[in-house]
Amino acid sequence: MIVGIIRKTSDSSVYTKTEVMRCQLCFFPFYLLFFFYSVDSSLAQISINEDEQQIQRSQFPEGFFFGTSTSSYQIEGAYLEDGKGLSNWDVFTHIPGKIRNNENGDVADDHYHRYMEDIEIMHSLGVNAYRFSISWARILPKGRFGKVNPKGIEFYNKIIDNLLLKGIEPFVALYHQDMPQILEESYGGWLNHLIQEDFLYLATICFNEFGDRVKHWITLNEPNHVAEFTYLRGELPPARCSPPFGNCSAGNSDVEPLVAMHNMLMAHAKVADMYHRHFKTTQGGLIGIIAFAFMYEPLRYEEVDREAVNRALAFNIAWMLDPLVYGKYPAEMHECLGLELPRFSNSDKELIRGSLDFIGINHYSTLYVKDCIYSACSMGGDRPVRGFLSTITERDGVPIGKPTAMPRFFVVPRGMKKIIEYLKQRYDNMPIFVTENGYSPKIQHDEHVEDLLQDVDRIKFHKAYLAALASAIRDGANVRGYFIWSLMDNFEWASGYSVRFGLYYIDRITNSLQRIPKFSATWFVSFLAINHTQNSTTKRSVKPLKPNMIHSTVEAAKIAANM
């Protein structure tokens, strides 16, 4: 049987019996993976984590959304196809030295051509939700300065329609870091108030075209992350910063992050106001925003570090959420920044206050915090724009948690419950969606495909974080969904393709871009299937992973054999 499904990558001829046996002997772990896909899902779950606390779907409320997340630039590819214009990321990634290995998203995961396959993969997992983003430059190649691209509208209509046919709820973000390059070149992007009207124009088109089927809208993904890494650190396009935070060709790290955030918040407010006044009654949807949300713990058992934790939360999360809920920036920021902090006019306050139907958070990790008011700090920790604090990953040489591929991401499951509790208390238990949570293993110089597929650590990560989330829900937190980042390995911004968060491995060795399930995909299928009828009034069958996916795993063994 094995001979019938293993084929050479260069042609269609079948391998010899000797070659097949060599493959079997050298890469036996792949056949274990084959086994996992063949056995009962509950058995697969026990085989992988029999000694760990079991987290079950039945521990979450009825109607809870379980999904996966992606973003347009990171997976779509087709960067100049069917009328799409250049985005800021299209331009930035073609500047030598900006991205690890000089990689880019020109093709990415080729989702633009493979979206039907990817939707079938989601359905095979058994998810009931999918969070993705609109490519601004695919809808409006030149912003307000040009016409709407009908091919872009058609593409997202097909995605939305086919998701709904599979019983998968679309959660749609209007902005996830990529914008038409012409808006950056014309007036400076988020540093200019003119972008508020451009964003409103994009949103109006999307509500008109897709709003009859999309019931969960996200205006902006991680404005706080954009402000920090684009205008303070200068690591993302248009890469503006100043010392001591970085050495960019232009920028002011003490001021521009504040200006950019202010424009993003006002852009959200205008879009939310327009939706609530003109679309909500007929479309019945909800509109929210996503914050990048670290949790923080004091480095030392001292009051000054506990106060620094409060400032860290204010400067990271409340910076963007306080205005949208209460109409003003947090007091901690006023105390540190004074007149440097932008002001909301009375009319702005009326527009922005109460402009959220739900909060989305992307939570991965927890950091230690050290006070920089009464203690010496370097690298900008002593600056008002950073809240006079420094974030640290170790205490006495011991990391806060198990390291991952991302320098500031450590495995700290307790942080999930703590960040949910913080949001619950500060924002009167508003509805919350965990819109991203995920794990990427540390990069190994000698890593092999089988190691990437046997991602037991990813399963442990999600089980631990889900257990913490379930505990927060039992304590009364109004959490309504959990989305794994990511459906598949993709372009991870400045890290290129070297960092892998996906449930599915993407074959870039042969450039086939074949989607190959990891152990974590098997686990997620079993997690979503077990006790599912206890959470739903109607029983929904969960398709097993398709046979061709299993064949892909065996194909991966041949690829690895030649590495």
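All heavy atoms count here, side chains included; hydrogens, waters and symmetry mates do not. Remember, predicted model here, so these are calculated numbers, not experimental data.
Figure legend: cation-pi geometry between R233 and F229, with NZ or CZ positioned under 6.0 Å from the six-membered ring centre and within 45° of its axis. In this structure, R508 satisfies the cation-pi test against Y497, with its NZ or CZ atom closer than 6.0 Å to the six-membered ring centre and inside 45 degrees of the ring normal.
Atom NZ of K151 has 12 or fewer heavy atoms from other residues, nucleotides or ligands within 6.0 Å.
Checked by atom type, the side-chain pair S72/D178 shows a donor-acceptor distance below 3.5 Å. There is no side-chain donor-acceptor pair under 3.5 Å between H448 and D451.
Results of the side chain to side chain contact (heavy atoms under 4.5 Å, CB included) test with T230 over C241, P237, P238 single out P238 as the only residue that passes.
A salt bridge links R213 with D161: the closest approach of a Lys/Arg side-chain nitrogen to an acidic carboxylate oxygen falls below 4.0 angstrom. The pair K518-D489 meets the salt-bridge criterion, with a side-chain N (NZ, NE, NH1 or NH2) lying under 4.0 Å from an Asp/Glu carboxylate O. Remark: E228 engages R408 in a salt bridge, criterion side-chain N to carboxylate O under 4.0 Å.
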Could you list the donor-acceptor pairs under 3.5 angstrom formed by side chains in residues 199-209, with sequence neighbours left out?
| from | atom 1 | to | atom 2 | distance (Å) |
| --- | --- | --- | --- | --- |
| T204 | OG1 | L200 | O | 2.8 |
| N208 | ND2 | T204 | O | 3.1 |

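Here P141 pairs with N149 under the side-chain contact (heavy atoms from CB on, under 4.5 Å) rule; sequence neighbours left out.
Heavy-atom minimum distance, V325 versus Y427: CG2-CD2, 3.7 Å.
Screening residues 76-91 for salt bridge (charged side-chain N to carboxylate O under 4.0 Å, His left out) gives E76-R138, K84-D90 as the qualifying pairs, with residues at least two apart or on separate chains.
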